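Please read all numbers here as calculations on a predicted model, not as lab measurements. Numbering of ligands and ligand atoms starts at 1, following listing order.
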Amino acid sequence: MSALATRPVHRMRTAILISGRGSNMHSLIAASRSPDFPAEIALVLSNKADAPGLAAAKAAGIATAAVDHKIYAGREEFERSMQAMLEIHRIEAICLAGFMRLLTPWFVGQWAGRMINIHPALLPSYRGLHTHERALADGVKIHGCTVHFVVPEMDAGPVIAQAAVPVTDQDTPETLAVRVLAQEHVIYPLALRLLGSGAIRIDGNRVYTGSAEDGRVLVVPPPV
Ligand code: GAR
């Protein structure tokens, strides 16, 4: 069978929102190049015109947009401008990938069930910033990352995929961040594939997929 024959009829038009380097963005773009991937990256949008990820997306031939939050009077004005850009590009789903702006309930409501985020910790532990430092300070032996649906509360919402990363005696926040990031690059494409395939059902805080992918949502790397 040719690659064309396996391409889904409609690929979910997805925007990636970034503020920085965009390594998760790269992993999503790479996955979306697979012929059977059910989502296409139709836009990369940043609140920072000089975000390195934005230039990289442009170089990769993907539509890009910068909406600078600093020129708007308030959060909602900024978001209405983003929303207009998302509508121009006929976006159906959003992946937040290191997008470092808090979102209002209004914007989150526009994208309920269609906006997902990656967070560098095993939620609901370590919401917020400096997750690796805090995990080491607490002495946990298992750390990791989470892809979840976005809800108005920060770093909360139904969990789609998690990866566990063992903590070693030698770990610093930097070494731990590197191993967690490698797993982020595994689970984010997996979660977008699940969303794009239309298999996800949300019931309260639980996400059900009813698919063979289910058994893959917890990735435990071998001990280092
Ligand atoms: C990632 O580690 C992501 O989990 C984190 O920002 C980094 C972005 O890296 N996101 C958050 O902390 C959101 N709460 P990237 O730009 O290389 O994808």
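Residue-level contacts of ligand 1 at the 4.0 Å heavy-atom threshold are Arg21, Gly22, Ser23, Asn24, Gly98, Met100, Ile118, His119, Pro120, Asp155, Leu181, Glu184.
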List the steps, then state whether side chain to side chain contact (heavy atoms under 4.5 Å, CB included) holds for Ile18 with Phe99.
CA-CA 4 Å; Ile18 63 168; Phe99 185 69; 5.8 Å; no
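Every residue two or more places apart in sequence or in another chain that forms a side-chain hydrogen bond (donor to acceptor under 3.5 Å, both in side chains) with Gln83 is listed here: Glu87, Trp111.
The pair Asp171-Lys141 does not count as a salt bridge, with every side-chain nitrogen at least 4.0 angstrom from each carboxylate oxygen.
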Enumerate, atom names and distances included, each donor-acceptor pair closer than 3.5 Å involving a side-chain atom of residues 38-45, sequence neighbours excluded.
none

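Remark: Arg75 fails to qualify as a cation-pi partner of Trp106 under the 6.0 Å distance and 45° angle criteria applied to the six-membered ring.
The hydrophobic cluster containing Met154 also includes Leu102, under a criterion of side-chain heavy atoms closer than 4.5 Å among ILVMFWY residues, counted directly or through chains of members.
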